[in-house]
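As C-alpha cells, the structure follows; a few thoughts come after it.
We count residues from 1, following the sequence as given. Predicted, not measured: the structure shown is a model, and the values here were computed from it.
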Amino acid sequence: MITSGPRPVAPFSHAVEADGWVFVTGQMPTDPEAPDAPLPEGIEAQTRRVMDNLTIILGGIGLALENVTMIRIYLTDFERDYAAMNETYASYFEKGKLPARTTIGVSGLAVGALVEIDMIARRP
C-alpha cells in the first residue's frame, strides 16, 4: 500500500511486485486527499484523476509511467467516452512511447466511475 495513494474501494493492495514485474491494481477517479468527495465530472476529469492516482502509486514504489508495459482501461460508456478518454490518456505519455493497451466496455464500475485503469510495469 502506498501511504499517499487513494483509499482502496475494495480489499486489495495498490501494487504487487513479482520478479521485477509490478501489477498495479485498477484505480478509480477518487481524490486521495478527499476520498469521500464526489467524483470529478466527465470522462476527461475522471481520466486525469485516475492517471494521477496511478502516477502516485508508481512513484511510491520508485517507478514512473515510462516503466509501464501494459495498460487496461475499462469504460462504462465506450461509444460516448472513448475518443475523449484517449486524448486525455495520451497526454500522459511521450509521443511514440506508449505502452501496449486494451480498452474494454463494461456495464458498471465501483463507486459509479466512468473509467478504471490498471497497469503492468517492469522494474529496470
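- Between P32 and R49 there is a side-chain heavy-atom pair separated by less than 4.5 Å.
- Distance check, rounded to the nearest 0.5 Å: CG of D81 to CD1 of I73 gives 11.5 Å.
- For the pair V106/L75, no side-chain contact is recorded, criterion being any heavy-atom separation below 4.5 Å from C-beta on.
- For the residue pair R48 / N53, no side-chain donor-acceptor distance below 3.5 Å is found, with atom types taken as modelled.
- Using modelled atom types, no side-chain atom of E79 and backbone atom of D77 make a donor-acceptor pair closer than 3.5 Å.
- Here the CD-CD distance, from E66 to E94, works out to 8.5 Å after rounding to the nearest 0.5 Å.
- Between E116 and T76 there is no side-chain heavy-atom pair separated by less than 4.5 Å.
- The minimum heavy-atom distance between T69 and R122, with the atom names listed, is CG2-CB, 4.1 Å.
- What you find for M28 and L109 is that their closest heavy atoms are CE-CB, 4.0 Å.
- When all heavy atoms are compared, the tightest approach of A121 to L63 is CB-CD1, 4.2 Å.
- Looking only at atom types and distance, the side chain of Y92 has a donor-acceptor partner in the side chain of D52 under 3.5 Å away.
- In this structure, F23 is not a member of the same hydrophobic cluster as L58, with clusters built from ILVMFWY side-chain heavy atoms closer than 4.5 Å.
- By the rule that hydrophobic residues join a cluster once side-chain heavy atoms approach within less than 4.5 Å of another member, I61 and V16 end up as members of separate clusters.
- Note that CG of D31 is 10.5 Å distant from CG of D36, once rounded to the nearest 0.5 Å.
- Expressed to the nearest 0.5 Å, how far CG of L98 lies from CZ of F93 amounts to 6.5 Å.
- In the displayed structure, E87 atom CD is contacted under 6.0 Å by at most 12 heavy atoms of other residues, nucleotides or ligands.
- M51 CE to Q27 CD: the interatomic distance, rounded to the nearest 0.5 Å, is 11.5 Å.
- The shortest distance between side-chain heavy atoms of I120 and V22 does not fall below 4.5 Å.
- To the nearest 0.5 Å, atoms CG (L54) and CD1 (I56) are separated by 9.0 Å.
- Residue L114 comes nearest to Q46 through the heavy atom pair N-OE1, 2.8 Å, listed as atom of the first residue, atom of the second, then distance.
- Classification of the Y82-F78 ring pair by plane angle, with boundaries at 30° and 60°, yields parallel.
- Nearest approach of I57 to V24, heavy atoms of both residues: CG2-CG1, 3.9 Å.
- Minimum heavy-atom separation, I43 to A84: CG2-CB, 3.6 Å.
- Contact annotation: the side chain of T30 never approaches that of P35 to less than 4.5 Å [non-hydrogen atoms, C-beta and beyond].
- In this model, a donor atom of one side chain and an acceptor atom of the other lie less than 3.5 Å apart for T103 and R101.
- In this structure, the side chain of N67 engages the main chain of A64 through a donor-acceptor pair within 3.5 Å.
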* For the pair D118 and I71, evaluate side chain to side chain contact (heavy atoms under 4.5 Å, CB included) and give the outcome as yes or no after the intermediate values. => CA-CA 6 Å; D118 66 41; I71 290 179; 5.9 Å; no
